[in-house]
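Report on one structure; see the data block that follows.
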Amino acid sequence: MNYALDNWSDILHRAWQHTLLAGIPLVLGLLIALPLGWLAHSRPRWRNVLVAGSGLLYTIPSLALFIVMPIILGTKILSAWNVIAAMTIYTVALLVRTVTDALDAVPSTVTQAATAMGMTRLKRLFKVDLPLATPVISSGMRVAAVSNVSIVSVASLIGVPQLGYYLTSGYQRQYWDEIFVGIVACLVLALVFDAVIQLIARLLTPWQRVVTR
């Protein structure tokens, strides 16, 4: 407790760095996963390649990916963009299947009615399919967010500053208060991410509140 009180400004600074490293890939990953998931949903021949292929990306060890990224991107080893790029890949790996399954779950009667009303495929996607798929997609985003917060901590092993610093530093010094602060801070940050995603999903699906009353 004393360690947290004595270092609260540093904890907040590292929490903000951790938020950027985990949050930016979450947005970028969703923007990439949406068209890929839609292609997998609407083009059955591409489904296995896109869903299985993207899922395999998650099997790449995070530490190896953090080390390889500077070679691919031409950045410095301590650049935050290495972590952001790697975490975007992991987010895409988790969300492509989620987006595909979410679009699959939209009732065919609804999509047929929208088509009968004269909606083009693209208009139907934004006006009907994606709004109805939002609850499932937000569930996948919650999983991806918690996963990102956890994996970003590994980047402390190569010196990228964020909350993982307290885990590596505490372990090296056998200082358990520091490790405890790192664990609790990561847990709190994951809960904040989860709450924000739930709030956004709730705002995007106002009809669900009417149904559950």
Side-chain angles (χ1 to χ4, degrees), residues 7-40 49-99 137-138 140-172 178-179 181-197 200:
N7 298 277
W8 64 271
S9 60
D10 184 66
I11 294 171
L12 289 178
H13 179 62
R14 291 184 184 279
W16 174 245
Q17 292 173 319
H18 205 111
T19 300
L20 295 178
L21 293 174
I24 292 175
L26 203 60
V27 176
L28 294 177
L30 177 62
L31 293 177
I32 296 171
L34 282 174
L36 293 178
W38 178 75
L39 279 175
V49 174
L50 291 170
V51 174
S54 60
L56 285 175
L57 295 173
Y58 204 77
T59 63
I60 303 173
S62 57
L63 186 57
L65 202 53
F66 292 151
I67 295 173
V68 169
M69 273 301 158
I71 301 173
I72 299 174
L73 300 177
T75 52
K76 296 181 179 178
I77 185 68
L78 293 181
S79 172
W81 287 109
N82 302 327
V83 180
I84 290 173
M87 297 312 301
T88 299
I89 290 174
Y90 285 133
T91 305
V92 170
L94 288 174
L95 290 184
V96 168
R97 179 181 291 278
T98 299
V99 173
I137 294 175
S138 67
M141 288 284 287
R142 293 171 64 188
V143 174
V146 173
S147 174
N148 281 10
V149 171
S150 174
I151 297 176
V152 162
S153 302
V154 178
S156 64
L157 294 174
I158 58 173
V160 177
Q162 29 78 23
L163 290 174
Y165 163 81
Y166 298 114
L167 304 179
T168 54
S169 175
Y171 178 76
Q172 290 169 352
E178 194 172 19
I179 295 175
V181 165
I183 293 173
V184 171
C186 286
L187 285 173
V188 171
L189 188 59
L191 290 174
V192 170
F193 267 98
D194 189 73
V196 170
I197 292 171
I200 293 173

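Starting from 1, each residue takes its place in the sequence as its number.
- The backbone N or O of I11 lies less than 3.5 Å from a partner atom in the side chain of Y166, making a donor-acceptor pair.
- The minimum heavy-atom distance linking G29 with T88 is given by the pair N-CG2, 3.9 Å.
- Here the shortest heavy-atom pairing between V99 and G37 reads CG1-CA, 3.8 Å.
- Across A85 and L73, no two heavy atoms sit closer than the pair CB-CD1, 3.7 Å.
- With T98 contributing its side chain and G140 its backbone, the two residues share no donor-acceptor pair below 3.5 Å.
- From L12, atom CG reaches atom CG of N7 across 11.0 Å, with rounding to the nearest 0.5 Å.
- When all heavy atoms of L21 and M87 are compared, the pair lying nearest together is O-CG, 4.0 Å.
- M141 CE to D194 CG: the interatomic distance, rounded to the nearest 0.5 Å, is 11.0 Å.
- In this structure, CD1 in I137 is found 5.5 Å from CG in L34, a value given to the nearest 0.5 Å.
- Residues passing the salt bridge (charged side-chain N to carboxylate O under 4.0 Å, His left out) test with R14 are D10, sequence neighbours excluded.
- Tested against F193, the residues L26, V146, N148 include a single side-chain contact (heavy atoms from CB on, under 4.5 Å) partner, L26.
- Separating the CG atom in L189 from the OG atom in S150 is a distance of 11.5 Å, to the nearest 0.5 Å.
- Side-chain atoms of S54 and L36, non-hydrogen and from C-beta on, never get closer than 4.5 Å to each other.
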Got a list of side-chain donor-acceptor pairs under 3.5 Å for residues 55-72, not counting sequence neighbours?
| residue | atom | partner | partner atom | Å |
| --- | --- | --- | --- | --- |
| Y58 | OH | S147 | OG | 2.5 |
| T59 | OG1 | L56 | O | 2.5 |

